[in-house]
Amino acid sequence: TLTLEEAHLILDAAQKKAEEIGVPEVLCVADNAGYPIALRSLKGGKVTSVQIAMNKAFTAAGHRKPTHNYKNAVPGEEAFGIFTQHEGRFTVFVGGFPIFVDGECVGAVSASGGNGEQDIAVCEAGIQALMKHLGK
């Protein structure tokens with residue numbers, strides 16, 4: 001799983017991207033079981049975004065796929081109701097990504113506070129920084 005140092009490296013890069021695009025995000029890095037390693041609320045981040053960011057990271061790590069993959073969670077689709085699982089922690093909001101190293105899920109990163117495109121860009125910046133650090 002990710003170390004605390006790696007989590008901060010991811011958050012530093014994600015924060016840099018969020019500041020670059022002018023979005024007050026709340027960022028979370030979780031371990032491979034979906035539990036927070038590090039959480040960062042940028043200046044102006046919404047109070048409600050804290051729990052959302054933690055839930056996005058939980059969902060991405062736990063299910064080993066990005067949260068935006070759950071477009072089939074609407075009424076009549078096969079994943080409808082999935083967001084009621086795990087005491088409501090399972091989220092289908094855009095902005096949660098599992099992190100894979102050598103084919104293994106080592107954790108997840110999430111962002112809450114921007115629109116979907118912004119949250120994705122911030123998460124991708126964090127993952128790219130980790131991969132660069134690891135030489136991947």
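Residues: numbered from 1 along the sequence shown.
Here K17 pairs with E20 in a salt bridge; the nearest charged N to carboxylate O distance falls below 4.0 Å.
No continuous path of hydrophobic side-chain contacts links L39 to L4 [ILVMFWY only; heavy atoms under 4.5 Å]. Residues I99 and L27 are members of one and the same hydrophobic cluster, defined by side-chain heavy-atom contacts under 4.5 angstrom among Ile, Leu, Val, Met, Phe, Trp and Tyr.
In this structure, A7 and A38 approach most closely via the heavy-atom pair CB-CB, 4.1 Å. Looking at every heavy atom in both residues, T91 comes nearest to T59 through N-OG1, 2.9 Å. In terms of heavy atoms, F100 sits closest to C105 at CD2-N, 3.5 Å. For A57 against A108, the heavy-atom pair with the smallest separation is O-CB, 3.4 Å.
Formation of a donor-acceptor pair under 3.5 Å by the E6 side chain with backbone atoms of T3 is found in this model. Checked by atom type and distance alone, the side chain of T1 never pairs as donor or acceptor with a backbone atom of D31 at under 3.5 Å. Counting only distance, with no hydrogens or angles, the side chain of R40 and the backbone of E25 share no donor-acceptor pair below 3.5 Å.
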**Q.** Stepwise side chain to side chain contact (heavy atoms under 4.5 Å, CB included) check, I52 with V26
**A.** CA-CA 9 Å; I52 293 170; V26 174; over 6 Å; no
(Q) Before you tell me yes or no, could you show the steps for L11 and V29 under side chain to side chain contact (heavy atoms under 4.5 Å, CB included), namely the whole-Å CA-CA distance, both residues' side-chain angles and the distance that decides it to 0.1 Å? (A) CA-CA 7 Å; L11 291 178; V29 174; 3.7 Å; yes
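For the atom pair CD1 (I10) and CZ (F97), the distance works out to 13.0 Å, reported to the nearest 0.5 Å. Here the straight-line distance linking atom NZ of K43 with atom CD of Q15 works out to 12.5 Å at 0.5 Å rounding. The distance from atom CG of L2 to atom CD1 of I37, rounded to the nearest 0.5 Å, is 5.0 Å.
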Could you go through residues 127-136 and list every donor-acceptor pair under 3.5 Å that involves a side-chain atom there, pairing it with any protein atom two or more places apart or in another chain?
| unit_1 | atom_1 | unit_2 | atom_2 | d |
| --- | --- | --- | --- | --- |
| K136 | NZ | D102 | OD1 | 2.9 |
| K136 | NZ | D102 | OD2 | 3.2 |

Identify every side-chain donor-acceptor pair in residues 109-124 under 3.5 Å, counting partners at least two apart or on other chains, and give the distances.
| unit_1 | atom_1 | unit_2 | atom_2 | d |
| --- | --- | --- | --- | --- |
| S110 | OG | A53 | O | 2.5 |
| S112 | OG | S49 | OG | 3.2 |
| N115 | OD1 | E117 | N | 3.1 |
| N115 | OD1 | Q118 | N | 2.8 |
| Q118 | OE1 | N115 | N | 2.8 |
| D119 | OD1 | G114 | N | 3.0 |
| D119 | OD2 | K56 | NZ | 3.1 |

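For H68 and F93, the ring centers are positioned 6.0 Å apart or more.
Summarising the hydrophobic clusters (Ile, Leu, Val, Met, Phe, Trp, Tyr; side-chain heavy atoms under 4.5 Å, direct or chained), the residues clustered with V47 are none.
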